2 protein chains.
Amino acid sequence: MSQMQQIHDQLREMILSLEVAPGERLTERWLEGRFGGSRTPVRAALVRLEAEELVRRDGRNWMVAPIELGEIAALAEFREAVESSAVRLACERASEVDIDAVTELLDACEPDAPREEWHRVGTDFHVEVARLSGNEFLIKAVAGAMTRLSRARWLELRTEQSRDHAWAEHRLLLDLIRRREADAAAQAICEHIRDTRDRLLTSLEEDRRSLRARGFAIVGKA
Amino acid sequence: MSQMQQIHDQLREMILSLEVAPGERLTERWLEGRFGGSRTPVRAALVRLEAEELVRRDGRNWMVAPIELGEIAALAEFREAVESSAVRLACERASEVDIDAVTELLDACEPDAPREEWHRVGTDFHVEVARLSGNEFLIKAVAGAMTRLSRARWLELRTEQSRDHAWAEHRLLLDLIRRREADAAAQAICEHIRDTRDRLLTSLEEDRRSLRARGFAIVGKA
DNA sequence: GATACCATCTTGGGATACCAAACTGGTATC
DNA sequence: GATACCAGTTTGGTATCCCAAGATGGTATC
């Protein structure tokens, strides 16, 4: 694999895991030293990450994309559009075995699994459901949206109840798809998305001060 | 503006205007000579265009993205999801003056306007309608989808009737938005999208042979 | 005549050197 | 004391050089 790929993947991981703070400034020379490549692959990686909107230009400089509260509401709206359509198509097209595979994804998450695991599966679930639609554009749109939400979801302090609640919604959704109840499934996912949005916004708004103190740029208002 | 920007914009224009053929191989050194910059900005521009999926890797080489027939059907599905939601939100949120502005966009296109003009307005219309939703993600999704369709739309031989037909559908849609009839408007745009898809696929399938002869890679099947 | 192999050339990947613009800190002047 | 200005430093933008891998074409061998 090329160095550019490696740098891209590593920096991406650092951003998503909040190892580098949202809003933090990045210099090409620091990254050069950090990853041991020269500026050429570093810049290529930055350009790619810019396209994924994980990194942004601030004048002439680079910065890690801040978390924008206003974006979370808009993203929920977008997800409703895309995911409800994906779910409807999934009801028409998904095979039993493919649906079962997604169910197993949920089951694989033990109650005492580490937080990383829950976070990852919570993201992957939506992408995998989108994949049941068979439409590449819907899949990519969902994957992109979940990436954008990833850091906010990580910051959300999740109680065991709210986690169980979300998982119950996931299982309900899969059941509806399996029974090919398109309208109900679409409605279920829309409600789930709105639930998530509300929990995220409440949580971030509450913790905004302390997150700022950790150097995280949480900007805008819901 | 930086050279990278210039090269990016120029090459993008060349691709969208079919000045370079879909599927054509691009070498960094050729672009270097063509645009008068060095390889560094050329490569940065290519990476950006790759992110927009106008350019693609073919092994280690670069190529102009081919036109894929299978993509057109999937894109129509995606557009239905995104644009119908955008239109519904537009019915809730768009101001009269904003709707009027989009109407003027259509009116500005004289019957004897050059083909480029019709093509551009036909694309912009959908983006501007999406803009009425006020949701950045929906706007970007529509803009991206229209970009992906741009070259296929250009290749379509359009009769004056089919052009008038499309324009009538556009006007109908705006009227429905103005009257805040969300369901009807959403249905109208879905029908319009399906009409467009059918016309595109028919046209491309028919002309496939001659387009191939011009060196255009039209791959896959609908 | 076909095929396997080798020299050569092309091409993208990466490293580095240089430049210009922006920022920083300090100083001198009002 | 405030402000305007200047030198030094940092940083991204660009050009260019080197390298390894892959493509090419020609030749020798069977």
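Hydrogens, waters and symmetry mates are skipped; everything else that's a heavy atom, side chains included, is used. Convention: sequence-line order gives letters A, B, ...; per-chain numbering from 1. These figures come from a predicted structure and were not determined experimentally.
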_Sidechain N-carboxylate O distance under 4.0 Å for A:Arg48, A:Glu53_ = no
Contact list (N/O, under 3.5 angstrom) for nucleotides 16-24 of chain D vs protein:
none

*Determine whether any donor atom in the side chain of A:Arg57 lies under 3.5 Å from an acceptor atom in the base of D:dG12, or the reverse, and answer yes or no.*
no
*Roughly, in whole Å, what's the span from CD in A:Gln5 to C1' in C:dG14?*
15 Å
*What is the nucleic acid contact for A:Gly59, judged by heavy atoms within less than 4.0 Å: base, sugar-phosphate only, or nothing?*
nothing
*How long is the line joining CG of A:Leu31 and P of C:dA15, in whole Å?*
14 Å
*Hey, which sits more toward the 5' end of DNA chain C by its nearest nucleotide, A:Gly37 or B:Glu28?*
B:Glu28
*Taking CZ from A:Arg48 and P from C:dG13, how many angstroms apart are they, rounded to a whole number?*
11 Å
*When the distance from CD of B:Glu50 to P of C:dG12 is rounded to whole Å, what number comes out?*
13 Å
_What is the separation between atom CE on A:Met63 and atom P on D:dT11, rounded to the nearest whole Å?_
16 Å
*Could you give the CH2-to-P distance, from B:Trp62 to C:dG12, as a whole number of Å?*
9 Å
*Could you tell me the separation between the CG atom of A:Leu26 and the P atom of D:dT10, rounded to a whole number of Å?*
18 Å
*asked:* Using 30° and 60° as the class boundaries, would you call the ring planes of B:His126 and B:His192 parallel, tilted or perpendicular?
replied: parallel
*For B:Arg43 and C:dG14, give me the distance from atom CZ to atom C1', rounded to whole Å.*
7 Å
*Salt bridge flag under 4.0 Å for residues A:Arg194 and A:Glu80*: yes
*Taking the six-membered ring of A:Trp62, is NZ or CZ of A:Arg56 closer than 6.0 Å to its centre and within 45° of its axis?*
no
*Considering only C:dA15, D:dA15, C:dG12, which nucleotide approaches the side chain of B:Gln3 most closely?*
D:dA15
_Using a 3.5 Å distance criterion without hydrogens, assess whether the side chain of A:Ser133 forms a donor-acceptor pair with backbone atoms of A:Val129._
no
_Check ion pair A:Arg212-A:Glu205 (N to O, under 4.0 angstrom)_ = no
*Relative to the ring of B:His119, is the ring of B:Trp154 parallel (under 30°), tilted (30 to 60°) or perpendicular (over 60°)?*
perpendicular
*Base-pairing assignment for D:dC30 (Watson-Crick or G-U wobble, both under 3.5 Å)*: C:dG1
